[in-house]
Undergrad: 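Here you go, one structure.
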Amino acid sequence: KLQIEKTDLNSLCKRADYITIHVPKTQETKNLINAQTISLMKEGVCILNCARGGLINETDLVKAIENGQVRAVGLDVYESEPLEEKHPLRKLPQAVLTPHLGQEFKR
């Protein structure tokens with residue numbers, strides 16, 4: 001048995017050590033991860049987003065990394081692509097950043 005449990009976002013934020021985001025970008029999911037949802041998360045949470053840019057409020061994310069709420073983040077999608085050279089995420093060793101290459105895959 002897989003022991004999978006369906007839950008809501010707030011409950012997930014409170015319980016998860018690792019959060020991976022796998023949703024389309026819509027009006028409902030824009031800034032899905034923001035200061036409010038981050039404040040619910042366990043201290044030291046790790047976040048991964050390879051879905052769509054704009055699902056994470058990057059300003060709130062940077063603050064959460066700097067204050068230790070978020071231990072690490074992995075991103076290959078951003079609010080604005082390509083990610084600006086001077087973007088604060090680029091200066092954080094806790095951020096693993098890759099270019100959005102999924103569209104480049106060819107069979």
Side-chain angles (χ1 to χ4, degrees):
K1 203 167 185 178
L2 294 176
Q3 297 180 323
I4 296 171
E5 175 186 336
K6 187 174 181 177
T7 188
D8 62 272
L9 180 61
N10 289 346
S11 297
L12 174 99
C13 288
K14 292 174 185 177
R15 296 174 53 195
D17 296 312
Y18 296 85
I19 296 174
T20 65
I21 304 168
H22 305 276
V23 296
K25 183 179 176 186
T26 66
Q27 285 298 79
E28 291 79 29
T29 61
K30 184 178 178 184
N31 290 315
L32 182 71
I33 304 299
N34 56 48
Q36 179 186 359
T37 52
I38 291 170
S39 72
L40 298 173
M41 295 177 189
K42 289 182 173 182
E43 186 173 329
V45 68
C46 296
I47 300 171
L48 177 66
N49 182 19
C50 297
R52 293 285 178 251
L55 301 178
I56 298 177
N57 181 302
E58 292 171 2
T59 301
D60 295 346
L61 177 63
V62 168
K63 290 176 187 173
I65 293 170
E66 290 175 339
N67 72 26
Q69 181 67 26
V70 173
R71 180 176 53 171
V73 65
L75 304 171
D76 89 332
V77 289
Y78 311 95
E79 289 176 19
S80 177
E81 294 182 14
L83 189 63
E84 297 173 17
E85 288 296 322
K86 294 185 179 186
H87 195 288
L89 281 168
R90 291 188 180 269
K91 298 177 184 167
L92 298 171
Q94 304 93 325
V96 176
L97 309 172
T98 60
H100 190 181
L101 294 176
Q103 65 192 6
E104 300 300 321
F105 178 77
K106 294 180 182 171
R107 292 182 184 248

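The structure displayed is predicted, hence computed values, not measured ones.
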Undergrad: Please determine whether the number of non-hydrogen atoms from other residues, nucleotides or ligands lying under 6.0 Å from atom CD of Gln94 exceeds 12.
TA: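 More than 12 within 6.0 Å, yes.
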Undergrad: Drop me the distance from Asn31's CG to Lys25's NZ, to the nearest 0.5 angstrom.
TA: 8.0 Å
Undergrad: State whether the side chain of Lys42 and the backbone N or O of Arg15 hold a donor-acceptor pair below 3.5 Å, judged by distance alone.
TA: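 Answer holds: yes.
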Undergrad: As a test of understanding, state which of Ile33, Leu75, Asn34, Leu92 forms a side chain to side chain contact (heavy atoms under 4.5 Å, CB included) with Leu61.
TA: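 Testing each of Ile33, Leu75, Asn34, Leu92 against Leu61, the sole residue satisfying side chain to side chain contact (heavy atoms under 4.5 Å, CB included) is Leu75.
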Undergrad: Which heavy atom in Arg52 sits nearest to a heavy atom in Asn49, and how many Å separate them?
TA: O-ND2, 3.0 Å
Undergrad: For the hydrophobic clusters of this structure (ILVMFWY residues joined by side-chain heavy atoms under 4.5 Å, transitively), does one cluster hold both Tyr18 and Val70?
TA: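 They do not share one cluster, since no chain of ILVMFWY contacts under 4.5 Å joins Tyr18 to Val70.
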Undergrad: Ignoring hydrogens and angles, tell me if any N or O in the side chain of Glu58 forms a donor-acceptor pair with the backbone of Leu89 under 3.5 Å.
TA: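 Checked: no pair found.
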Undergrad: Using modelled atom types only, decide if a donor and an acceptor are shared between the side chain of Ser11 and the backbone of Asp8 within a distance under 3.5 Å.
TA: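 No, the answer is negative, given that no donor and acceptor are paired below the 3.5 Å cut-off.
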Undergrad: Please say whether more than 12 non-hydrogen atoms of neighbouring residues, nucleotides or ligands are located less than 6.0 Å from NZ in Lys63.
TA: no
Undergrad: With the 4.5 Å side-chain cut-off for hydrophobic clustering, are Ile65 and Leu40 part of the same group?
TA: no
Undergrad: Taking Thr29 for the side chain and Leu32 for the main chain, is one N or O donor matched with an acceptor at less than 3.5 Å?
TA: no
Undergrad: Treating Ile, Leu, Val, Met, Phe, Trp and Tyr as nodes and any side-chain heavy-atom pair under 4.5 angstrom as an edge, say whether Val62 and Leu48 lie in one connected cluster.
TA: no
Undergrad: Verify the cluster assignment for Ile47 and Val23: are they in a single hydrophobic cluster under the rule of side-chain heavy atoms below 4.5 Å apart?
TA: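 Cluster IDs for Ile47 and Val23 match.
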Undergrad: Using atom types as modelled and distance alone, determine if a side-chain donor or acceptor of Asn10 lies under 3.5 Å from a backbone N or O of Cys13.
TA: no
Undergrad: Distance from Leu83 atom CG to Leu97 atom CG, nearest 0.5 Å?
TA: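 If I round to the nearest 0.5 Å, the distance is 6.0 Å.
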Undergrad: Nearest 0.5 angstrom please: Ile38 CD1 to Ile19 CD1, how far?
TA: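 So the gap between those two atoms works out to 9.0 Å.
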Undergrad: Does a side chain donor of either Glu28 or Thr26 reach within less than 3.5 Å of an acceptor in the other side chain?
TA: yes
Undergrad: What's the separation between atom CD in Glu79 and atom CG in Asn57, rounded to the nearest 0.5 Å?
TA: 5.5 Å
Undergrad: For a quick test of reading the model, state the closest non-hydrogen atom pair linking Gly53 to Val77 and the distance between them.
TA: N-CB, 3.5 Å
Undergrad: Determine yes or no for a side-chain-to-main-chain donor-acceptor pair under 3.5 angstrom, with Arg71 supplying the side chain and Asp17 the backbone.
TA: no
